[in-house]
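Just so you know, these numbers use all the heavy atoms, side chains as well, and skip hydrogens, waters and symmetry mates. This is a predicted model, so every value here is computed, not measured.
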Amino acid sequence: MPAAFVDDPVPARSRPWVDTEDLHGQRVRTASDGYRQRVELVDLTTIAGRGPAWGTETEDLNATLLVWREGEGQPAHVNEERDVAIVAIVGSGTLVVDGDEHVLRPGMLAVVPRGARRSVVAGPDGLRCVTVHRRRGGLQITPREGPG
């Protein structure tokens, strides 16, 4: 079965699942919120959704729950700036890093180095996994080079 990636160009607000970048933008927690005094506990096995189903962001980290049905997953892409940890929670899948295939099963951790090309495809029982990486900075406006 060919992979069916959830990579729809429709705006996030009209998708049946939440775009984690949108969600992260709404949930940045800072010391002024008092978050350093609280622990956020989330049961990732009970959250409904598909694709990026849930996410949170602190001043330092992004965490995203990905929920894929059989054959779905993340298309190949490269994160040039961040190492990414992927933890399989439920189901199974195939993680491809720079052309090498790795099986993901519940409880497995994969650390994908920055600059590596990676994709994930869920196995026959689907895949529920969480990704964690250092938080990206906000958009930077830089002056245009040359005449313009």
Side-chain angles (χ1 to χ4, degrees), residues 1-12 15-142:
M1 168 186 281
F5 296 113
V6 178
D7 190 83
D8 193 338
V10 176
R15 282 185 268 210
W17 43 269
V18 176
D19 186 327
T20 56
E21 290 302 317
D22 293 337
L23 201 132
H24 288 172
Q26 297 169 12
R27 298 215 51 229
V28 175
R29 299 179 320 149
T30 65
S32 63
D33 301 324
Y35 101 88
R36 291 194 192 280
Q37 288 78 39
R38 295 189 310 257
V39 173
E40 184 172 4
L41 297 174
V42 179
D43 184 348
L44 298 175
T45 63
T46 62
I47 295 173
R50 191 169 141 230
W54 175 89
T56 191
E57 182 176 78
T58 69
E59 291 175 343
D60 298 323
L61 294 174
N62 282 11
T64 305
L65 173 66
L66 301 169
V67 180
W68 306 115
R69 293 186 290 200
E70 178 182 8
E72 294 179 340
Q74 277 185 316
H77 63 288
V78 176
N79 187 334
E80 295 287 352
E81 301 152 356
R82 307 282 184 263
D83 297 340
V84 177
I86 303 169
V87 180
I89 300 168
V90 175
S92 65
T94 302
L95 168 66
V96 179
V97 179
D98 290 335
D100 294 327
E101 291 189 4
H102 308 275
V103 175
L104 294 175
R105 293 184 310 274
M108 293 188 78
L109 164 70
V111 178
V112 180
R114 72 190 80 174
R117 183 171 185 77
R118 74 175 190 272
S119 65
V120 176
V121 176
D125 45 354
L127 177 64
R128 179 177 291 259
C129 62
V130 65
T131 63
V132 180
H133 58 78
R134 278 187 319 151
R135 182 174 175 238
R136 291 179 179 90
L139 295 176
Q140 302 292 319
I141 298 174
T142 57

How about W68 and Q74: do any of their side-chain heavy atoms sit closer than 4.5 Å? yes
Any side-chain donor near an acceptor of the partner, D43 and T45, under 3.5 Å: yes
Between atom OG of S92 and atom CG of L104, what is the distance when rounded to the nearest 0.5 Å? 8.5 Å
Can you see which heavy atom on L109 is nearest to which on A85, and at what distance? CD1-CB, 3.9 Å
Contact summary for A110 and L95, nearest pair of heavy atoms: CB-CD2, 3.6 Å
Nearest heavy-atom contact between R118 and V112 is CD-CG1, 3.9 Å
Side chains of R117 and H77, donor plus acceptor under 3.5 Å: no
Can a donor-acceptor pair be found, under 3.5 Å and without considering hydrogens, that links the side chain of R82 to the backbone of R134? yes
Least distance between heavy atoms, A116 atom then V97 atom: CB-CG1, 3.8 Å
Can you name the one residue among N62, L65, L66, V120 that meets side chain to side chain contact (heavy atoms under 4.5 Å, CB included) with T131? L66
Among pairs that include at least one residue of residues 89-109, which meet salt bridge (charged side-chain N to carboxylate O under 4.0 Å, His left out), considering only residues two or more places apart or in two chains? none
Flag side-chain contact, heavy atom, 4.5 Å: E70 against P124: yes
Are any side-chain N or O atoms of D83 and backbone N or O atoms of R114, one a donor and one an acceptor, separated by less than 3.5 Å? yes
I need the H133 NE2 to N79 CG distance, nearest 0.5 Å. 6.5 Å
Closest heavy-atom pair and its distance - I47, A53: CG2-O, 4.1 Å
Shortest non-hydrogen separation from P52 to T64 and the atoms involved: CB-CG2, 4.2 Å
Starting at CD1 of I86, measure out to NE2 of H102 and round the result to the nearest 0.5 Å. 10.0 Å
